[in-house]
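Let me begin by presenting the structure, written as structure tokens, before commenting on it.
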2 protein chains.
Amino acid sequence: MVTLAEVAQHAGVSASTVSYVLSGKRSISATTRQRVEQSIRELGYHPNAGARALASSRSNIIALVIPLRTDMYVPVMMEIAIAVATTARLHGYDVLLLTGEEGPDAVRRVTGSGLADAMILMDVELDDERLPLLREADQPSVLIGLPADTTGMTCVDLDFTATGALCVEHLAMLGHRDIAVIGEAPAVYERHTGFAERTLDGLRSRARALGVRVLHRPCEGGYDALTVTLARVFDERPGTTGFVVQNESAVEPLLALLRQQGRAVPEDVSVVAVCPDQVAVQASVRLTSVAIPAQEMGRRAVEHLLTKLEGRGNEDIVLLAPELVVRASTGPAPVAP
Amino acid sequence: MVTLAEVAQHAGVSASTVSYVLSGKRSISATTRQRVEQSIRELGYHPNAGARALASSRSNIIALVIPLRTDMYVPVMMEIAIAVATTARLHGYDVLLLTGEEGPDAVRRVTGSGLADAMILMDVELDDERLPLLREADQPSVLIGLPADTTGMTCVDLDFTATGALCVEHLAMLGHRDIAVIGEAPAVYERHTGFAERTLDGLRSRARALGVRVLHRPCEGGYDALTVTLARVFDERPGTTGFVVQNESAVEPLLALLRQQGRAVPEDVSVVAVCPDQVAVQASVRLTSVAIPAQEMGRRAVEHLLTKLEGRGNEDIVLLAPELVVRASTGPAPVAP
DNA sequence: AAAGGCTGTCGAAGCGCTTCGACACCTATG
DNA sequence: CATAGGTGTCGAAGCGCTTCGACAGCCTTT
């Protein structure tokens with residue numbers, strides 16, 4: 001293993017000079033710099049992470065806490081994680097992957113040990129028990145998701161309230177008056193993950209404003225669960241012509257069942273989905289949808305974290321504006337028979 | 001930030017004694033140990049990771065290199081990553097998340113900087129350019145996937161050859177004589193990721209032995225691509241009654257199209273999938289399938305890595321035996337009309 | 001009773017780096 | 001020409017921990 005001292009000797013300068021070449025914190029003459037850089041290349045030198053962390057008390061590592069559950073939005077989580085890792089690398093940081101399993105202990109461990117300089121938490125619950133710890137930690141953090149109390153926190157999320165409103169608007173504009181919402185599994189609501197409720201809020205309040213009726217049903221993924229849910233929907237609201245789906249694993253079953261019941265999409269029934277674009281375009285009917293901008297969320301989270309690490313920037317809520325893309329699953333409401 | 005020295009002072013012992021209490025590398029009297037542990041708890045001490053890494057030249061971190069592409073098997077990757085993180089924590093290790101983006105440089109960086117003690121690489125290509133680096137590195141590594149040349153490497157993977165064979169066997173036993181394989185996207189084969197080819201090999205050689213005909217078609221996900229592929233299959237082999245699908249995003253389209261064409265599953269056509277269980281049970285027909293044991297792969301990879309870190313264990317190929325679970329998508333071949 | 005072996009604790013060195021103050025040298029200024 | 005102010009480089013201290021050798025005190029063994 002090559003050390004700073006060896007590089008210094010090889011280049012005929014002192015260790016501190018090499019350090020300053022590396023960090024750029026003091027001016028170094030062009031000739032010296034080149035000589036040092038040459039030595040670094042020749043010897044294949046890589047600074048030792050531990051020593052660096054110890055001396056500078058910065059690890060250049062960002063901790064990313066991902067949810068342990070893999071019951072929903074897996075591709076979204078993955079995409080966020082990859083975006084976080086990629087963006088972090090771009091700025092010279094590495095990413096430490098923690099699962100939600102450890103709970104608050106993970107926060108204590110990271111802040112206490114100096115393992116990471118900052119943390120990003122995904123899948124924050126409305127009343128997350130890690131929040132108090134983060135508030136009093138001296139390490140910056142960014143949440144992906146929106147807890148109930150955001151004081152002192154920086155959060156990045158899709159504006160789910162606006163998303164809900166957008167979906168209703170689109171359907172209302174097409175003349176739909178009775179809308180059903182197929183939501184996430186009941187467990188997701190019970191867990192108070194926030195985004196599901198917020199979508200619903202946005203949806204309902206805009207529906208009220210537009211004079212549209214909304215029926216909401218949480219739903220497990222898969223065909224069996226959806227068969228039951230759909231039957232209940234049409235039972236209670238036979239005139240339903242618009243659907244909003246916020247549950248990846250309910251998308252395809254919904255389309256299949258509608259088809260099976262002789263309800264054509266979009267002639268008889270319109271469907272708007274809240275899902276990754278890939279799901280929307282690969283579905284059996286290309287879905288009008290609001291995408292979840294996973295990459296952007298990951299990128300923004302890291303960038304915000306970095307400005308906080310630099311002392312600039314601070315408490316802040318970033319809500320990404322939803323975009324509805326019209327595809328083949330929505331059309332004018334059928335004229336009443 | 002609490003330091004070892006502060007704990008030592010608080011407990012009225014020397015720093016080294018605290019260190020030995022923590023590491024257990026020398027015997028400590030029960031009373032001293034308790035006093036120290038008490039102080040640690042009271043002060044909320046966490047060892048500083050950088051200092052520890054520097055002094056011991058072990059970071060207690062495992063690097064996990066995940067593929068950058070999110071075009072396939074995303075849930076599987078995620079599940080592996082989570083299993084790796086969880087298992088690692090169980091043994092006192094943390095996980096550093098690297099994307100394939102950096103290529104061989106990632107390996108150099110990690111080995112050079114002592115950032116991690118060992119690495120796990122996912123999505124290894126048959127002739128991966130990182131392999132030579134890993135061979136000469138003094139850090140242990142484990143591959144998830146099987147490259148062409150495995151000398152000096154430890155690999156963990158599903159036995160895809162056996163998987164292919166198992167699928168054919170099952171269909172052959174049910175009397176199917178003409179089998180079509182719907183594979184991954186052509187790009188996956190071009191990239192030489194290995195597992196796709198191995199499945200095909202196992203499939204073909206067992207088919208030959210059993211006197212079954214096999215037609216293989218790579219296929220992009222989604223309905224459009226599958227419509228074309230399926231038409232070609234039935235065009236070339238009208239008597240096809242068995243399908244093996246190894247492409248998550250082709251599963252549902254296949255079922256839908258078959259249904260649409262009036263081919264009942266499993267009465268007219270049988271379908272076996274190679275996919276995560278979740279996909280198999282959530283499909284519109286509960287699929288007979290060979291699961292990809294993502295959790296197990298992640299767990300085994302970490303455990304192997306740890307034995308290598310301890311100096312025990314070494315070069316080794318672990319092929320997990322596939323298990324075929326019969327569900328509702330396969331049945332006896334229809335009697336010829 | 002002396003020699004030897006354990007056990008439990010301590011002090012000190014050192015891991016590889018960053019960073020502060022010092023200082024030699026050079027150039028502009030009065 | 002002496003002085004002030006930059007530049008560019010160096011030496012040394014110290015980050016918080018692990019680990020090695022030393023050794024005091026005790027218990028066996030001969």
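These values consider heavy atoms only, across backbone and side chains, with no hydrogens, waters or symmetry-generated copies. Chain naming here is simple, since letters A, B, ... match the order of the sequence lines and numbering starts at 1 in each.
One finds no side-chain N or O of B:Ser19 lying less than 4.0 angstrom from the OP1 or OP2 phosphate oxygen of D:dC17. The phosphate of C:dT18 has neither OP1 nor OP2 within less than 4.0 Å of any side-chain N or O from A:Lys25. Phosphate contact (OP1/OP2 of D:dC17, side-chain N/O of B:Tyr45, threshold under 4.0 Å): present. Side-chain N/O atoms of B:Ser27 include one lying less than 4.0 angstrom from OP1 or OP2 on C:dG8.
Note: CD (A:Glu6) to C1' (C:dC15) measures 13 Å, nearest angstrom. In this structure, the CG atom of A:Leu43 is 15 Å from the C1' atom of C:dG16, given to the nearest Å. The nearest whole Å value for the distance from the CG atom in B:Leu54 to the C1' atom in D:dC17 is 8 Å. In this entry the distance linking CG of B:Leu22 with C1' of D:dT18 reads 11 Å, nearest Å. Nucleotide C:dC17 holds its P atom 13 Å from the CG atom of B:Leu115, rounded to whole Å. For B:Arg26 and C:dT7, the CZ to C1' distance is 11 Å, given to the nearest whole Å. Nucleotide D:dC10 holds its P atom 13 Å from the CG atom of A:Leu4, rounded to whole Å. As a whole-Å value, the separation of A:Arg35 CZ from D:dG8 C1' is 12 Å.
Here C:dC20 is the nucleotide among C:dT9, C:dC20, D:dG16 with the atom lying nearest to any side-chain atom of A:Tyr20. Among C:dC17, C:dT9, D:dT9, the nucleotide with an atom closest to any side-chain atom of A:Asn48 is C:dC17. Between D:dT19, C:dC17, D:dG16, one nucleotide has an atom nearer to the side chain of B:Ala51 than all others, and that is D:dG16. Taking only side-chain atoms of A:Ser56, from C-beta outward, the nucleotide of C:dT18, C:dT9, D:dC17 with the closest atom is C:dT18. With C:dC17, D:dT9, D:dT19 as the choices, the nucleotide that has an atom nearest any side-chain atom of B:Ser16 turns out to be D:dT19. Side chain of A:Ser14, nearest nucleotide from C:dC10, D:dC10, C:dC17: D:dC10. Across C:dG8, D:dC20, D:dG11, the shortest atom-to-atom separation from the side chain of B:Ser29 is found for C:dG8.
Residue contacts shown for B:Ile28 are limited to sugar-phosphate atoms, with no base heavy atom under 4.0 Å away.
Salt-bridge check for B:Arg109 with B:Glu102: passed, with a basic side-chain N closer than 4.0 Å to an acidic carboxylate O. Classification of A:Arg198 and A:Asp157 as a salt-bridged pair holds, one side-chain N sitting under 4.0 Å from a carboxylate O.
When atom types are taken as modelled, the side chain of B:Glu136 and the backbone of B:Leu133 share no donor-acceptor pair closer than 3.5 angstrom.
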Start with the C-alpha distance between A:Asp149 and A:Arg135, add both sets of side-chain angles, then the distance that settles salt bridge (charged side-chain N to carboxylate O under 4.0 Å, His left out), and finish with yes or no.
CA-CA 11 Å; A:Asp149 178 6; A:Arg135 287 208 181 84; 3.7 Å; yes
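The one candidate from A:Asp128, A:Thr111, A:Val107 that meets the side chain to side chain contact (heavy atoms under 4.5 Å, CB included) condition with A:Leu134 is A:Val107.
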